[in-house]
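Below: the structure, in structure tokens.
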Amino acid sequence: MAKNSKGIEVAEILQDKCIACQICIGECPVGAIDLSPEGLALVDPELCIGCGKCQESCPVEAVKFERAGKKELSREDRGMPSEGVPGYEGVAVFIEVQDGEGVQVSWELMGKARELAEKLSTRVLGFLLGEGVDHIAREAFAHGCDEVHVSEHEVLASYRSAPYGHALTRLCERVKPEILLMGATHQGRDLAGVVATHLKTGLTADCTDLSIEDRTRLLLMTRPTFGGNIMATIYCEHRRPQMSTVRPMVMKLPERTPGREGRKVFHEWTPPPVELPHIVEFMGDALEGGMDIVQSAALVVAGMGACDPEAFHLLQELADVVGGTLACSRPVVEAGLLPYERQVGQTGKTVAPKLYIAVGVSGAIQHLVAIQGAEKIVAINPDPNAPIFKVADVGIVGDYARVIPEFINQLKNRMGA
Amino acid sequence: MHSVCCIKQVPDTAEVRIDPDTNTLVRAGVESISNPYDIVALEEAVSLKDRYGGRVTALCMGPPQAEHSLREALSLGADRVILLSDRAFAGADTLATSYTLSKAMEKLAKEHPIDLVFCGKQAIDGDTAQTGPGIATRLDCTQFTYVLKVDWVDLQKRQIQVTRKREGGREVIRGPLPALLTAELELAVPRRASLPLLISSLQAQVEAWDAKTLEASLNELGIKGSPTWVRAITSPPAREGGPAFDVSREGEAQAVSMALDTLMDEKGFLSKLLKRWEA
Ligand SMILES: Cc1cc2nc3c(=O)[nH]c(=O)nc-3n(C[C@H](O)[C@H](O)[C@H](O)COP(=O)(O)OP(=O)(O)OC[C@H]3O[C@@H](n4cnc5c(N)ncnc54)[C@H](O)[C@@H]3O)c2cc1C
Ligand SMILES: Cc1cc2nc3c(=O)[nH]c(=O)nc-3n(C[C@H](O)[C@H](O)[C@H](O)COP(=O)(O)OP(=O)(O)OC[C@H]3O[C@@H](n4cnc5c(N)ncnc54)[C@H](O)[C@@H]3O)c2cc1C
Ligand code: SF4
Ligand code: SF4
């Protein structure tokens, strides 16, 4: 344990653990920590007073600091009140509407909200905005919602950031939910940042897991960061609602109970008197004879190892046999062989099919983060060390051009064709 | 026209890895780069300046070494660059980050009113895509996220029209200035720095602003102004891999047959397949 010239036992930062989040830098009362030229935290031993705050605050245990009778810093020590935030209750889901219907991720979240609400012994709320959308409340009840709060106005007929942000903020101020969940869709992510900023509350992006911490009743929100290389668990202690956007297809769609009833509450809303943007035109994605890969129950995924037009006939045939759709890795899109809509991965789509067949896909982390929810993964690749085999339920080590025809034949036989 | 670009310095995440043996993040030798989406946004700002005249200012909040990103911005055509650096900014979540950046813009706007603010779609380390909407809300700008193309700017009528991504397709949308845009990679193709600009960027003094310059409220900065808190960091949950059958050992027919046996082992798999996955 290092001591400085004043005899104080100083903190030391383990360079192989530090992720440069800079939290300790903000916490150190004497400004003894800086980022080194390598971009990692570094303690100036002569400035350090040995208070241990950096160690208490580091999320990855990258601070080496020992002290007799070491105690955990209480919230009071950090200058924070320890009780929760009173006056906020209920787990709310923002119901995203497309073509007059609630989108699937909203119902997935309703299921999760039900689970969280049961732990908290509270209600599930739905927030619904639009024009002529109140019929959607019935679907919300069927998916486990207890109360739907609706604001309707012609200005809300199509999504625009500012009026939606304003209306949803108003609903939060009136209903005061302790938790607000939204789908991490383009719209959800566009809107969540607006609402969190109006409400000055914490927002955790693109979560893949949510749970309630028993001791504190706080929402623990887990999300991939650093391009999917690490998972961070985040919480928001002092502001409400605790807000989170959640990826589609990661939470389980709850069982639908037709006829389940709930309460519907209408809230007046007047748009702020400002000039709003105007949508000139909408151009839908051409899905070129295929299905949306996110909706497809089976996917045959082409990687660089099967990236030529010839291969695609074979892969399409396989896709037809298994009742699936052709998708691909990013380099295949970059090579211009398939459109972006077919890309699976961190910068493409997150998928959770029943069957996922990877052909010539190596299994880079940016690809794997988006297939966590797949039920069965099959990999075909001649390189036995390809990382895809580490996650595949079944692997075939070999050349696709010879394996796939055999695969199709045998599968057809077993299917009795 | 005055455009302000927000540029974040980030670790090159393509190189960040978890060491499977020690379960820690391996950052040795990982370089810091400018967030790629931000460089695309800067390119669009500079080419709009070429088209409509005006100036481009680049802002970066970060530690002193983040000034490298600002020198890069100068070499790519920014007219002025400002580093926002102060211990009080450290540990900021997106609420505090958008506060700090918008305070800087309020100050800039006193000299030259701002017409356009550019952000990247998201930073490749934090990945939240929340900073842009936060700034737009604080500055009361028209918000356009996931922008693929700027169709035109009309400085007389104070309007802008863009094409942006949204669920199921793309939309053409127009609205009043000032506006904040977050850039998709398709928005522009970054140029290469010209030699004279590269040299002058290396010699330039990078202006630095701290909390005092911003006249910022200390309670809204850095850790103090951040409602979110990181509790733990872990590596992604590992999926249990199953068996792999090697064609060179078993031959195609046998390997495929064993693989299918493994798949069919699960009860109901074949019937689900036969029913085309319909429940
Ligand atoms: C910020 C960022 C975001 C990214 N986002 C994505 C994303 O969204 N989606 C994505 O997929 N990637 C993404 N990537 C790229 C990713 O890092 C990988 O480069 C990419 O996934 C690799 O694609 P691949 O597996 O098809 O190709 P490769 O890695 O080149 O693998 C090809 C594989 O084919 C095998 N092969 C060769 N011959 C045959 C044969 N005859 N039969 C069968 N197999 C054969 C090889 O053994 C090899 O394993 C991203 C990268 C970055 C940095
Ligand atoms: C592991 C981990 C997880 C985190 N999770 C969350 C979370 O869930 N919620 C949360 O609120 N914060 C979170 N943070 C903090 C967040 O990363 C920082 O607030 C960061 O300053 C901005 O967020 P971002 O990196 O996601 O940027 P984004 O919001 O994705 O960035 C969008 C754009 O904003 C601009 N921008 C962002 N930061 C800067 C900057 N410093 N200087 C100039 N321009 C900038 C750039 O144009 C950028 O392209 C997390 C941090 C860590 C280390
Ligand atoms: S022990 Fe205290 S004084 Fe020393 S570096 Fe850590 S926080 Fe700063
Ligand atoms: S808090 Fe921990 S991980 Fe973050 S900068 Fe400090 S030492 Fe590094």
**Request:** Against chain A, label B/Phe269 side chain, backbone, both or neither, depending on which of its atoms sit under 4.5 Å from a heavy atom there.
**Result:** side chain
**Request:** Please flag which part of A/Thr347 lies under 4.5 Å from any non-hydrogen atom of chain B: side chain, backbone, both or neither.
**Result:** side chain
**Message:** Please classify the contact of A/Gln98 with chain B as side chain, backbone, both or neither, using a heavy-atom distance under 4.5 Å.
**Reply:** side chain
**Prompt:** What part of A/Ala232 lies closer than 4.5 angstrom to a heavy atom of chain B: side chain, backbone, both or neither?
**Reply:** both
**Asked** When you check the side-chain N and O atoms of B/Thr137 and A/Thr197, is any donor under 3.5 Å from an acceptor?
**Response** no
**Message:** Among A/Pro405, A/Ala392, A/Ala184, which residue has the highest count of heavy-atom pairs closer than 4.5 Å to chain B?
**Reply:** A/Ala392
**Item:** Proximal component of B/Asp261, with respect to chain A [non-hydrogen, under 4.5 Å]
**Value:** both
**Asked** What part of A/Thr201 is in contact with chain B, defined as an atom under 4.5 angstrom from a non-hydrogen atom: side chain, backbone, both or neither?
**Response** backbone
**Request:** Go through B/Leu260, B/Thr262, B/Leu273, B/Thr145 and name the one with the most non-hydrogen pairs under 4.5 angstrom from chain A.
**Result:** B/Leu260
**Contact class of A/Ser36 relative to chain B, heavy atoms under 4.5 angstrom** = backbone
**Request:** Below 4.5 Å from any heavy atom of chain A, which atoms of B/Gln159 appear? Answer side chain, backbone, both or neither.
**Result:** side chain
**Asked** Think B/Arg166 forms a cation-pi with B/Tyr146, using NZ or CZ under 6.0 Å from the six-ring centre and within 45 degrees of its axis?
**Response** no
**Message:** At a heavy-atom distance under 4.5 Å, which candidate from A/Ile25, A/Val195, A/Asp34 has the highest pair count against chain B?
**Reply:** A/Asp34
**Prompt:** Out of B/Lys121, B/Lys224, B/Gln65, B/Arg87, which one racks up the most heavy-atom pairs below 4.5 Å with chain A?
**Reply:** B/Arg87
**Asked** Would you say the side-chain atoms of B/Ser248 and B/Asp246 include a donor-acceptor pair closer than 3.5 Å?
**Response** yes
**Item:** Residue A/Ile33 versus chain B: region with a heavy atom under 4.5 Å
**Value:** backbone
**Item:** Student check: side-chain heavy atoms of B/Tyr37 and B/Leu185 closer than 4.5 Å
**Value:** yes
**Request:** Using modelled atom types only, decide if a donor and an acceptor are shared between the side chain of B/Asp151 and the backbone of B/Val172 within a distance under 3.5 Å.
**Result:** no
**Message:** At under 4.5 Å between heavy atoms, what parts of residues 88-96 of chain B are in contact with chain A? List them by residue number.
**Reply:** B/Ala90, B/Gly91, B/Leu95
**Fill in**
Max heavy-atom pairs within cutoff under 4.5 Å with chain B, candidates A/Val391, A/Val103, A/Ile23, A/Asp190, goes to A/Asp190
**Prompt:** Got B/Val117 and B/Leu181 here, is their nearest side-chain heavy-atom distance under 4.5 Å?
**Reply:** no
I'd like a table of donor-acceptor pairs (distance under 3.5 Å, sequence neighbours excluded) in which one partner is a side-chain atom from residues 249-259 of chain B, with atom names and distances.
residue	atom	partner	partner atom	Å
B/Glu252	OE1	A/Arg402	NH2	3.3
B/Glu252	OE2	A/Arg402	NE	3.1

**Asked** Are any of the side-chain heavy atoms of A/Pro29 and A/Lys53 separated by less than 4.5 Å?
**Response** yes
**Asked** Between A/Asp206, A/Thr185, A/Leu14, A/Val60, which residue shows the highest count of heavy-atom pairs closer than 4.5 Å to chain B?
**Response** A/Thr185
**Asked** Does B/Lys165 make a cation-pi contact with A/Tyr340, if we ask for NZ or CZ under 6.0 Å from the ring centre and within 45° of the axis?
**Response** yes
**Asked** What residue in B/Glu167, B/Glu220, B/Glu171, B/Arg164 has the most heavy-atom pairs under 4.5 Å with chain A?
**Response** B/Glu167
**Item:** Among the listed options A/Lys200, A/Met221, A/Glu275, A/Arg160, the residue most often paired with chain B at heavy-atom distances under 4.5 Å
**Value:** A/Glu275
**Prompt:** Quick one: what part of B/Arg276 sits under 4.5 Å from any heavy atom of chain A, side chain, backbone, both or neither?
**Reply:** side chain
**Prompt:** Side chain, backbone, both or neither: which part of B/Lys272 has an atom under 4.5 Å from a heavy atom of chain A?
**Reply:** side chain
**Prompt:** In Å and rounded to the nearest 0.5 Å, what is the CD1 to OG distance from B/Ile223 to A/Ser57?
**Reply:** 6.0 Å
**Request:** Flag the pair A/Asp209 and A/Arg223 as a salt bridge only when some basic side-chain nitrogen lies within less than 4.0 angstrom of an acidic carboxylate oxygen.
**Result:** no
**Message:** Out of B/Thr163, B/Leu263, B/Ile160, B/Thr182, return the one with the most heavy atom pairs under 4.5 angstrom to chain A.
**Reply:** B/Leu263
**Item:** B/Ile135 side chain near B/Cys119 side chain, heavy-atom distance below 4.5 Å
**Value:** yes
**Message:** With no hydrogens and no angle check, just 3.5 Å: does a side-chain donor-acceptor pair link A/Thr245 and A/Arg189?
**Reply:** no
**Request:** Among B/Pro63, B/Gly168, B/Gly175, single out the residue with the greatest number of heavy-atom pairs under 4.5 Å to chain A.
**Result:** B/Gly168
Can you give each donor-acceptor pair under 3.5 Å made by side-chain atoms of residues 373-382 of chain A, sequence neighbours left out, with the distance rounded to 0.1 Å?
residue	atom	partner	partner atom	Å
A/Lys376	NZ	B/Glu266	OE1	3.1
A/Asn381	OD1	A/Asp383	N	2.9
A/Asn381	ND2	A/Val361	O	3.2

**Prompt:** Under 3.5 Å, is there a donor-acceptor pair between the side chain of B/Thr228 and the main chain of A/Tyr235?
**Reply:** no
**Message:** So that I can tick it off, tell me whether B/Arg174 and B/Asp154 are bridged by a salt bridge, with the cut-off set at under 4.0 angstrom between side-chain N and carboxylate O.
**Reply:** no
**Request:** Return the set of residues passing ring-ring contact (aromatic ring centres under 6.0 Å, His included) with A/Tyr159 (not counting sequence neighbours), or none when no residue passes.
**Result:** A/Tyr164
**Message:** Only pairs of heavy atoms separated by less than 4.5 Å count here; which of A/Gly202, A/Gly31, A/Ala298, A/Ala162 has the most with chain B?
**Reply:** A/Gly31
**Request:** Counting only heavy atoms closer than 4.5 Å, note whether A/Leu219 contacts chain B via side chain, backbone, both or neither.
**Result:** neither
